[in-house]
Each structure stands twice: as structure tokens, then as C-alpha cells.
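Per chain, numbering begins at 1; letters A, B, ... match sequence-line order.
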Number of protein chains: 2
Amino acid sequence: MDLDETDREILRILQADARTPFSEIARRIDMSSATVHDRVGRMEEAGVIEGYHAQIDPRSVGLGTSAFVGLRIEQGRENDALDRLREIEAVQEIHLTTGEWDVLLRLTVEDTDGLREAMFEEISRIEGFSRSQTMVILATDLDDRALPI
Amino acid sequence: MDLDETDREILRILQADARTPFSEIARRIDMSSATVHDRVGRMEEAGVIEGYHAQIDPRSVGLGTSAFVGLRIEQGRENDALDRLREIEAVQEIHLTTGEWDVLLRLTVEDTDGLREAMFEEISRIEGFSRSQTMVILATDLDDRALPI
DNA sequence: TCTGAAACCATCACCTG
DNA sequence: CAGGTGATGGTTTCAGA
């Protein structure tokens, strides 16, 4: 889908605050809210906008510990192993990467005991991984900045 | 702030779809929309809800390449170096971690040339980093799953 | 936490250049 | 054919109970 500067401006606004009323977006970009409604609908259809999500402070809901986990995967077992990773609730992200690891996960858990549980009772029981390293997140300085659209 | 099961249910709904009307949340949890409005307002105040964001497909806006970058930082230079990293537009996340790296970044750029630019014209010019590794994301199997609230 | 009311908003069919 | 208008029914928001 081709996006013009107006679409991009709408995306910037919704990325910063997904609950901005269309009527206010319309005021800001100097168009009618019917047009904004139209454009947003088309971008949703086209998959440009994948959803709208509240950003929640993990600590407030008792999830105080996060970590990245790097894994090496044995050839031929990729799909099975990924399927099993996806079933683990603590796993927030799964990326296939070049470099030292084949798979990089992000875990979010309650505390260090939750980390132990995820690592030793869930991830290490999956066959197909040969090596792993856990990088506990001590602090997050910048999280999920808006895309430079 | 103490959250009860009703607050958590509201968070689950807004995490899945931040544009869900309060009136519909009210129907689902069998309360009035005034109460939902109240509770959401209190959770925003308390910092439990940090914002509402449209999730945008990076490819659709021309950002086709992402990478994690691990960095080692020299003692005593932490703050300066982090300040400079934060100024780089391509840097989406900055985490301080245990393990092989001290800092783990996530970059989002247009293409491999954007990666080169970020790495060699921006990051490697910052003093205080001694070693780095770039892990290009080949595929993302799972991204930013909802927190298990 | 609710009710009720005013202001506001989304949404749609139907125009208009 | 993108964009606008205007009507209508739903939604937000707030005071008061």
C-alpha cells in the first residue's frame, strides 16, 4: 500500500496516542473526520496498522524481571523447537538472528524464581537447543520508542 | 497501586485492543461505563497504564531491517555513552544487561545500508564502548505478546 | 459504584469538485 | 474518486446521589 504524507501523519498521531479521537486527528491535519475514518480503515485493512495496545507497566502487575535468552538450535529441529517456545507464557518475543545465537527470546516473569522456572523447567526441556545464554535486564533505559515514520 | 481482578480484566482488554469503547468494557465486566472510566483514569494516574499505541507494520513505512546490538561499555563512561545512544533515531530500545554484553540495543532501519550507517557512522563514534556484536533479525516469530496479567 | 444528562464522537449514505 | 456534509445513534464524561 502506498502511503502519502497525510497517512504518515495519521500514523504518527496514533502511534503516540492510539485513543486520539478521529475528530481531533482531523482538526490537526485539517481534514474532515470522515476522511480520517476512511484512511485509518484502509490502513487497517492493508495491515499497515496491526492493532492498538495499551502499554502497561510490567511491575504494576507483578512482572518485575525480564531477560533476553540466546539459543543455538540444531539443524532440522527449527520448527518443532519454535512451536514449543511459542507455548511458553513467559516468552514475549522470539527472533531468529544472525551472529552468536540462532534464536533470541525475551522473557518477562515475576522474579528470579520465575526466571529459573522458565529456563530450567520449560526452555531447557525442549529438544533441539544446544547452548544458551541468559542476559538478565538490569534496567531499561529506552523501551519501544516510536518508529521514525 | 493495588489492582483487583476487575482492574486486571480491564487491563487485559485494553492491552488486546486499546480502542475498545469503555461502554463495551463495561458490558463485558458487567459494570457501568462511569466506573470503567474511573478505574482507567486511576490506573493512568498511577502509571499502571503508560500509554496507548498503534502497532504499525515497520515494512509498510519502509523500515525493513532490525537488529540487536550488544555492546561492552568502559567503566565510568556509562552515562555519557547512554545519553548519546538515546539520540540515535534508529535506536528503539536500550537495555542494561548481565552476561556477555553490558548494553543491548534494538535498531530499526530501512535496509542494510541503514544498518551500516547506524553502526559505523553513529554508534561506533561514541566513546566508551569497547566491543560490539550485531545480530541481524532474520525473522520475528513472535513480537510483543500481551503480558500474562 | 451508579444514574442521568450534555457534549462529544463515529459512522454512514449521499453529495461535490 | 478522494474528500466533504449532515444526520443519527452511540460514547465519554461529570456532577450528584
Practice task
List in numerical order all residues of residues 28-36 of chain B for which some heavy atom is under 4.0 Å away from an atom belonging to DNA chain D.
Solution key: B:Ser33, B:Ala34

Interatomic distance, [X] [atom1] vs [N] [atom2] [rounded to whole Å]:
| X | N | atom1 | atom2 | value |
| --- | --- | --- | --- | --- |
| A:Phe22 | D:dG10 | CZ | C1' | 15 Å |
| B:Glu24 | C:dA10 | CD | C1' | 14 Å |
| A:Arg27 | C:dA10 | CZ | P | 9 Å |

Exercise for the section: Please test B:Arg19 against B:Glu24 for salt bridge (Lys or Arg N to Asp or Glu O under 4.0 Å), starting from the C-alpha separation and ending with a verdict. Expected result: CA-CA 10 Å; B:Arg19 289 188 73 100; B:Glu24 196 196 321; over 6 Å; no

Practice task
May I ask you to test the B:Glu93-A:Leu142 pair for a side-chain heavy-atom distance under 4.5 Å?
Solution key: no

Exercise for the section: State, yes or no, whether a side-chain contact exists between B:Glu9 and B:Arg28 at a heavy-atom distance under 4.5 Å. Expected result: no

Mind listing the closest non-hydrogen atom pair of [X] and [Y] along with its distance?
| X | Y | result |
| --- | --- | --- |
| A:Ala46 | A:Met1 | CB-SD, 3.4 Å |
| B:Phe129 | B:Ala81 | CZ-CB, 3.6 Å |
| B:Leu147 | A:Pro58 | CD1-CA, 4.1 Å |

Handout entry: Chi angles and distances behind the salt bridge (Lys or Arg N to Asp or Glu O under 4.0 Å) call for A:Arg116, A:Glu121
Key = CA-CA 8 Å; A:Arg116 178 197 56 73; A:Glu121 289 176 26; 3.0 Å; yes

Completion exercise
From the list A:Thr20, A:Ile29, A:Ile149, side chain to side chain contact (heavy atoms under 4.5 Å, CB included) partner of A:Ile10 resolves to A:Ile29

Fill in the blank from the handout: Judged by nearest nucleotide, the residue sitting upstream toward the 5' end of DNA chain C, B:Asp4 or B:Arg19, is B:Asp4

Practice task
Could you identify which residues of residues 37-55 of chain A place a heavy atom less than 4.0 Å from some atom of DNA chain C, listed by residue number, or say none?
Solution key: A:His37

